[in-house]
Number of protein chains: 2
Amino acid sequence: MTPVTKLDVEQKPTKAGNQDEHIYGQMFAAILEQRLSPGTKLSEDVLGEIFSVSRTVIRKILQRLAHEKVVNILPNRGAYVSEPTPDEARDVLDARKVVEEGIMRRVIKNISASDIRHLEGMLIEEATSIERGEHSRWVALSGDFHLALAKIAGNESLTDYLRELVSRTSLIHVQYQSKKMGNQSCSCEEHGDIIQAIREGSEEKAVQLMIDHLQVCEEQLNLDGKEPESDLYEIFSGTTGSDA
Amino acid sequence: MTPVTKLDVEQKPTKAGNQDEHIYGQMFAAILEQRLSPGTKLSEDVLGEIFSVSRTVIRKILQRLAHEKVVNILPNRGAYVSEPTPDEARDVLDARKVVEEGIMRRVIKNISASDIRHLEGMLIEEATSIERGEHSRWVALSGDFHLALAKIAGNESLTDYLRELVSRTSLIHVQYQSKKMGNQSCSCEEHGDIIQAIREGSEEKAVQLMIDHLQVCEEQLNLDGKEPESDLYEIFSGTTGSDA
DNA sequence: TACATAAAAAATGTAGACAATATGTCGCAT
DNA sequence: ATGCGACATATTGTCTACATTTTTTATGTA
């Protein structure tokens, strides 16, 4: 799981089957790791040249990313890295509270000893990445922790949906990270607390810890300042001559 | 065999912009209304001829439907109408319990008088469709009821996800409808009970009614008998001479 | 007759060409 | 000089042709 530093285009002429998947992974990682900032235009021609494929395959991948809400496709205008609005951000975090409560209740019922060891291992990785100051790696690992819980819960549909929500959460963190970043390591401790509650088998405690954890995540964001574009209509409503 | 019964192709040469949306809607409806049965192959050439467009646009639409889990694309093999397995069916229904509990709690907080009137109107439409024996219409209306609640809850992400889950639920009902269909009208009454609980503003009651409602839906299904294809191996194991 | 192999047909995967649309620039009239 | 309009450029949307893969059919042999 090397996060790929520079869009590393590896040609695989022998096996064309997972070429798509490879390019998709590159672009997905590039967006989540903030190497492509929100709003960046994703030109079909340029991407096609970078990956040495035709626009056809690029278009397919862009459409997939668009369905996952990671990029935004405007008709006849092209694809852009998503710029989630504060409303979208709130929806995503709220949806996570709903989904992850359900996941947690199912985790408590399904959890095995090896599952717990796996979670503990992830926790150590997280702590290590924080110590080393590898921010984007920590973001990825933090997401992996939640996805690991979803997998333990054993519902594939919920897992896929949470994967989308986690991706969007990363984009949101990038765009709305507040100034007071000191308590980032908290998340790691909170993950530890959650594991402890799971160990004890106390469902309500685990659920509450998870919801609180997501609440903290939301409150760390700066969702009140900038609301790009959408507000233009409100801002300038009534200022144009023709309008009532 | 010609599985495509009648796809009502309406040409709109003037506006090419939402041509995609039109074709998508036709195919989506055809699948959910059981005019295309699960497992039917969706040939790009055939669909392209039917809608008078090239394979390019058909492929785009098939990929969208695939992402929504309504069709299944096999590499180099083509697209087929999804045949949800019993496990997938259980996942979908279970995911709905999670999501719709969260939606219901948010509905209770957001509900307005006009919202309630709207829900009551939908209930009447449902009852009418049941009286007239319009089964597929009732299935659609029943789904719309749940989606209306999601909209009232006001979370776009959850609404989109529930839309996917409702679509898949329709496919599941088609494939696993049990013999004892007498208590179909129950669902309509259950929807009425839910509205009543919302009117009263009793959150726990409304949530419990919704979960019970989904539980009834799941129990009406016949998820133990046929497991398409996979079971062939079990069914015929031991009957062939070579096997132990 | 049954099975294995190979050729043929059909469908999907990809690439490039052309058409439609949006953006940017320049010129002209006021 | 400013504002409007037409042309030029660039990008996306769609179609067609070709390459690859799968499926079917035919044929030869045991």
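Scope of the values below: all heavy atoms of this structure, side chains included, with no hydrogens, waters or symmetry mates.
- The side chain of B:Thr56 lies closest to D:dC15, out of C:dG13, D:dC15, D:dT12.
- When the P atom of C:dG16 is taken as reference, atom CD of A:Glu44 falls 15 Å away, rounded to whole Å.
- Between the CD1 atom of B:Ile58 and the P atom of D:dG13 there is a distance of 17 Å, rounded to whole Å.
- With D:dC15, D:dT12, D:dT21 as the candidates, the nucleotide lying closest to the side chain of B:Asn76 is D:dT21.
- The nearest whole Å value for the distance from the CZ atom in B:Arg55 to the C1' atom in D:dT20 is 12 Å.
- In this structure, of D:dC15, C:dA11, C:dA15, it is C:dA11 that holds the atom nearest to the side chain of B:Lys41.
- As judged by a 4.0 angstrom heavy-atom cut-off over every strand, A:Arg77 is placed among residues touching the sugar-phosphate backbone only.
- Comparing C:dA15, C:dT14, D:dC15 by their closest approach to the side chain of A:Val53 singles out C:dA15.
- Atom P of nucleotide C:dG13 and atom NE2 of A:His22 are separated by 20 Å, given to the nearest angstrom.
- Side-chain proximity of B:Arg59 to the nucleotides C:dG16, C:dG13, D:dT12 is greatest for C:dG13.
- Rounding to whole angstrom units, CD of residue B:Gln19 and P of C:dT21 are separated by 13 Å.
- If you take CG of A:Leu74 and P of C:dT21, they are 17 Å apart, rounded to a whole angstrom.
- Comparing C:dA11, C:dA15, C:dG13 by their closest approach to the side chain of B:Asp45 singles out C:dA11.
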**Request:** Decide yes or no on side chain to side chain contact (heavy atoms under 4.5 Å, CB included) for A:Ile103 and A:Val99, but give the supporting numbers first.
**Result:** CA-CA 6 Å; A:Ile103 285 173; A:Val99 168; 3.6 Å; yes
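- A salt bridge is defined here as a Lys NZ or Arg NE, NH1 or NH2 lying under 4.0 Å from an Asp or Glu carboxylate O, and B:Lys69 with B:Glu88 fails to meet this definition.
- B:Phe51 has its CZ atom 21 Å from the P atom of D:dG13, to the nearest Å.
- Across the protein-nucleic acid pair, B:Asp20 atom CG and D:dT12 atom P stand 16 Å apart, rounded to whole Å.
- Here the side chain of B:Ser54 is nearest to one of D:dC15, D:dG13, C:dG13, namely D:dC15.
- For B:Ser43, the side-chain atoms get nearest to C:dT12 when compared with the rest of C:dT12, C:dA15, D:dT12.
- For B:Lys60, no side-chain nitrogen or oxygen approaches OP1 or OP2 of D:dG13 to under 4.0 Å.
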**Request:** Could you walk me through whether A:Arg64 and A:Asp20 pass salt bridge (charged side-chain N to carboxylate O under 4.0 Å, His left out), step by step?
**Result:** CA-CA 11 Å; A:Arg64 177 172 170 191; A:Asp20 284 18; over 6 Å; no
**Request:** Apply the test side chain to side chain contact (heavy atoms under 4.5 Å, CB included) to residues B:Arg106 and A:Val98: give CA-CA distance (whole Å), side-chain angles for both, the deciding distance (0.1 Å), then the verdict.
**Result:** CA-CA 10 Å; B:Arg106 283 149 185 80; A:Val98 171; 3.5 Å; yes
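- In this structure, A:Glu68 places its CD atom where more than 12 heavy-atom neighbours from other residues, nucleotides or ligands lie under 6.0 Å away.
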